[in-house]
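Owing to the predicted nature of the structure, the values given are computational and were not obtained by experimental measurement. Numbers restart at 1 for each chain; the letters A, B, ... are given by sequence-line order, proteins then strands.
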Amino acid sequence: MASEQRYFNRDWQRTVYCGDVAGRDGTEVPVVVNGWVRRRRDLGGLIFIDLWDHTGIVQVVFNPELAGQVHERAKELRSEFVIAVRGRIRVRPEGTSNDSMRTGNWEIMADDFIRLAPAAPLPFEVGDTTDRVDENLRLHYRYLDLRRERMQRNLRLRHKISMHTRNYLSDRGFLEVETPMLTLSTPEGARDYLSPSRVNPGAFYALPQSPQIFKQILMISGFDRYFQIVKCFRDEDLRADRQPEFTQIDIEMSYLVEQDIFDLIEGYLHGLFRETVGTEIPVPFRRMTYREAMDRFGSDKPDLRIPTEIHDLAPVFVNTEFEPFKEMLAGGGFIRGLPLPGGASLSRKGLSDVEERAKRLGARALSPLQMKGGELKGPLAKFIDEEGRSLLARSGAIGDGDALFVIAGMDWREVSEILGALRLELAREHGLVAKGAWEFLWVTDFPLFEWDAEEGRWSSVHHPFTSPMTEDIALLDSNPGEARSRAYDCVLNGNELGGGSIRIHDPEMQEKVFSCMAFSKEAARGRFGFLLDALSMGTPPHGGIALGLDRLAMLLAGASSIRDVMAFPKTQKAQCLMSGAPSAVSPEQLEELHIQVLPPLPTAGEPKGREERPKT
RNA sequence: GGGGUCGUAGCUCAGUCGGUUAGAGUGCCGGCCUGUCACGCCGGAGGUCGCGAGUUCGAGUCUCGUCGGCCCCGCCA
């Protein structure tokens, strides 16, 4: 053992990264490497260490004959110890090179090393790339999880996306401007995260659901083109692709029409996919109206990798004697069907399983048809006459070997959505989703409003600053539900990658839209007064889009959750298992903020790892 | 708020019909080993079967509740 402790200093700083170690034939190159002990192989005499840093792994050899004391000390090295090694790179002896390692032709003969930090026995193996680890553990020991290959790769990919984004947009005249995180709560949209104001008793900031109003204000201020890679916050329940805080690539520009956004984003994504995954995605993307997307795929974000779509079967049953369908059609209802290629082989149990699923999704009933050897089978078969059969054959809704699931209902959207959900489930189960495909799509012509039954008023489908289509402006007075907006969504493989709209730049139009939503002038003034003021002082036509950076990264990384492309995500209960957030705070903190906390309900569980809440 | 699923050694899992002392692989600890690279060989330690009730002579196993992870519906302009 060295008699005195040695510390990290310039002499021990690396001269080369582990993954970059490469020697010269016949010459020994002196180096210093820093990193983590990934694996050790103690052969009794020789000790081999795989030393890791973010660039890769290199083999270090401790030889008792070359450095006896050093070899002796190396026996104590364990997994994930942090060390600095001084040694010489050399070509590995004949027959001992390792083709599976980038540095496998070389090794470092250790002359000396210092242990920079020990590591406690680990809750899971950092170096194990195959074994899956419980996500609980991964989140609790996130620093170890992030040290693993997959997360290293994902976060580096994410960085690449960010850099590409900044370069692309900056090159096209977009200016990155930061907007406040402590801002005004707005009534529309998701639930806000609130932050109490100490100096304004009883008042609260809201964390932004998006910088929507601020980016519009920036257009009014004449910046012409804005972007921001920005955190947004929504206090809603979590999903694989939804976290309470997430990142948007937020874009806004002036004097534009929809085509400008499409061109900009298609160019952006084309370059991004080339740079990150080496794929040339075809541009321009397909376009589809909301109506068509719902009609054919039962979704406003259809996954076009799935080769089946919904068919209108009303003509097939126009002469049917089947009473329920007869009545349905007479009353203006809909009969629609979803084909399942290869579905003729489904057993009776398989069919009833699909029916069960449709009922869980909200269908009153679902009838299966199957085509076996040119013969139509199923409970509905006898209710389809010759004409219906020939129509069915010509429609392509069912071919030999297929099944067709039929649902009838009075509500076109409801019937379509159930079939759309079924389409996703069945496609996943039967392997109908085309692998390796990137199916991009613009969905346009969304309705401007949807009816909010709870509140008994119209509310925005997109947001209240979305411009109606010029040809639909008259509908605002006569039939707001039929008015279409100038909103658009960018869809990739059934994921909503982003959305945006052309905004309202006319203060009168903005007030009109508010009034359609039964916002009194005073209420609108109270909430959005500053925007209305701004609109009144010279607003250019403007619009923009926001892309979900997390979802984009998830898709590019081939991950199944945005948690895998975020450094520190939260669980479904919106907790951080590593830090323990959210937590109770001290009575003093609450008092300063003029906050009283109600005692927890008797059934409510305590947040994990927290002591009792302070008394109020 | 609701539906589904999982919870057994540090980790990944097995555990039959409810029945003796709860197993395997890996990791960990100790010993041996000078060309390994998932090193090898030998030995050892390690368990609140998530938690709490209930049924039973007997519960990892059955029932109910509860806590937590994940997936989904609602919700998410």
Participant: Side chain of A:Glu135, heavy atoms from C-beta onward: which of B:C70, B:G74, B:G35 has the nearest atom to it?
Facilitator: B:C70
Participant: Is it the case that the base of B:C37 and the side chain of A:Arg40 share a donor-acceptor contact (distance under 3.5 Å, atom types as modelled)?
Facilitator: no
Participant: Does A:Glu107 make a side-chain donor-acceptor contact with the base of B:G35, cut-off 3.5 Å?
Facilitator: yes
Participant: Going by number, which of residues 419-428 of chain A have a non-hydrogen atom under 4.0 Å from RNA chain B?
Facilitator: none
Participant: Salt bridge or not for A:Lys349 and A:Asp353, using N-O below 4.0 Å?
Facilitator: no
Participant: For A:Phe124 and B:C11, say yes or no: do the ring centres fall under 5.5 Å of each other while the ring planes differ by less than 30°?
Facilitator: no
Participant: A:Phe297: which residues meet the ring pair (Phe, Tyr, Trp, His ring centres under 6.0 Å) condition with it, sequence neighbours left out?
Facilitator: none
Participant: On a plain distance test, is the side chain of A:Glu125 in donor-acceptor contact with the base of B:U26 below 3.5 Å?
Facilitator: no
Participant: Show the nearest heavy-atom pair for residues A:Arg239 and A:Arg563, with the distance to one decimal.
Facilitator: O-NH1, 4.4 Å
Participant: Closest approach to the side chain of A:Leu46, judged atom by atom: which nucleotide of B:U12, B:U34, B:G68 is it?
Facilitator: B:U34
Participant: Tell me: CD1 of A:Ile562 to P of B:C70, nearest whole Å?
Facilitator: 12 Å
Participant: Which part of the nucleic acid does A:Gln59 contact within heavy-atom distance under 4.0 Å: base, sugar-phosphate only, or nothing?
Facilitator: base
Participant: Look only at the side chain of A:His505 and the backbone of A:His542, and say whether a donor-acceptor pair between them is shorter than 3.5 Å.
Facilitator: no
Participant: Choose from B:G10, B:G74, B:C71 the nucleotide whose nearest atom is closest to any side-chain atom of A:Arg239.
Facilitator: B:G74
Participant: Is A:Arg41 salt-bridged to A:Asp50, going by a charged N under 4.0 Å from an acidic O?
Facilitator: yes
Participant: For A:Arg39, which contact category applies under a 4.0 Å heavy-atom criterion: base, sugar-phosphate, or nothing?
Facilitator: sugar-phosphate
Participant: What does B:G23 pair with, Watson-Crick or G-U, if both distances are under 3.5 Å?
Facilitator: B:C13
Participant: Paired with B:C62: which nucleotide, if any, by Watson-Crick or G-U wobble criteria at under 3.5 Å for both distances?
Facilitator: B:G54
Participant: Would you mind classifying the nucleic acid contact of A:Ser100 as base, sugar-phosphate or nothing, using non-hydrogen atoms under 4.0 angstrom?
Facilitator: nothing
Participant: May I ask you to verify if any side-chain N or O of A:Arg41 is less than 4.0 angstrom from the OP1 or OP2 atom of B:C39?
Facilitator: yes
Participant: Would you call A:Arg428 and A:Glu425 a salt bridge, using N to O less than 4.0 angstrom?
Facilitator: no
Participant: Would you say the base of B:G4 and the side-chain of A:Arg357 have a donor-acceptor pair closer than 3.5 Å?
Facilitator: no
Participant: Just one of A:Leu476, A:Val461, A:Thr466 clears the side chain to side chain contact (heavy atoms under 4.5 Å, CB included) bar with A:Phe449, so which one?
Facilitator: A:Leu476
Participant: Between the protein and nucleotides 41-46 of chain B, list the N/O to N/O atom pairs that are separated by less than 3.5 angstrom.
Facilitator:
none

Participant: Kindly determine whether A:Thr179 and A:Gln228 satisfy side chain to side chain donor-acceptor pair (under 3.5 Å), including the steps that lead there.
Facilitator: CA-CA 9 Å; A:Thr179 51; A:Gln228 189 180 184; 3.1 Å; yes
Participant: Once you apply the 3.5 Å cut-off to both distances, tell me the Watson-Crick or G-U wobble partner of B:G68, or none.
Facilitator: B:C6
Participant: Using whole Å, what does the distance between atom C1' of nucleotide B:U36 and atom CG of A:Asp50 come to?
Facilitator: 9 Å
Participant: Can you find a side chain N or O atom of A:Arg563 that sits less than 4.0 Å from OP1 or OP2 on B:C71?
Facilitator: yes
Participant: Using a cut-off of strictly less than 4.0 Å, decide whether A:Lys573 has a side-chain nitrogen or oxygen near OP1 or OP2 of B:G68.
Facilitator: yes
Participant: For atom P, what is the distance between B:C32 and B:A9, given to the nearest Å?
Facilitator: 32 Å
Participant: Who does B:C29 pair with, Watson-Crick or G-U, both distances under 3.5 Å?
Facilitator: B:G43
Participant: Closer to the 5' end of RNA chain B via nearest nucleotide, is it A:Ser79 or A:Gly45?
Facilitator: A:Ser79
Participant: For B:U36 and A:Thr96 - does any side-chain N or O of the residue sit under 4.0 Å from the phosphate oxygens OP1/OP2?
Facilitator: no
Participant: If you check the A:Pro123 side chain, which of B:G69, B:C28, B:G10 turns out closest?
Facilitator: B:G10
Participant: Of the nucleotides B:C11, B:C37, B:C75, which one has an atom closest to the side chain of A:Arg92?
Facilitator: B:C37
Participant: How long is the line joining CD of A:Glu236 and C1' of B:C76, in whole Å?
Facilitator: 5 Å
Participant: Rounding to an integer number of Å, can you tell me how far A:Phe62 CZ sits from B:G35 C1'?
Facilitator: 15 Å
Participant: Which part of the nucleic acid, if any, lies within reach of A:Asp42 when heavy atoms closer than 4.0 Å are counted: base, sugar-phosphate only, or nothing?
Facilitator: base
Participant: How far apart are the closest heavy atoms of A:Asp300 and A:Val491, and which atoms are they?
Facilitator: O-CG2, 4.1 Å
Participant: Is A:Asn98 reaching over with its side chain to a backbone N or O of A:Ser100, donor-acceptor style, under 3.5 angstrom?
Facilitator: yes
Participant: So, OP1 or OP2 of B:C29: does either fall under 4.0 Å of a side-chain N or O from A:Arg78?
Facilitator: yes
Participant: Would you mind reading off the distance between A:Ile47 atom CD1 and B:C33 atom P, rounded to a whole angstrom?
Facilitator: 12 Å
Participant: Searching all strands shown, indicate the nucleotide that pairs with B:G18 (Watson-Crick or G-U wobble; both distances under 3.5 Å).
Facilitator: none
Participant: Starting at the 5' end of RNA chain B, which residue's closest nucleotide do you reach first, A:Thr571 or A:Ser97?
Facilitator: A:Ser97
Participant: Using the C1' atom as the reference point in each nucleotide, state the distance between B:C28 and B:C73 in Å, no decimals.
Facilitator: 44 Å
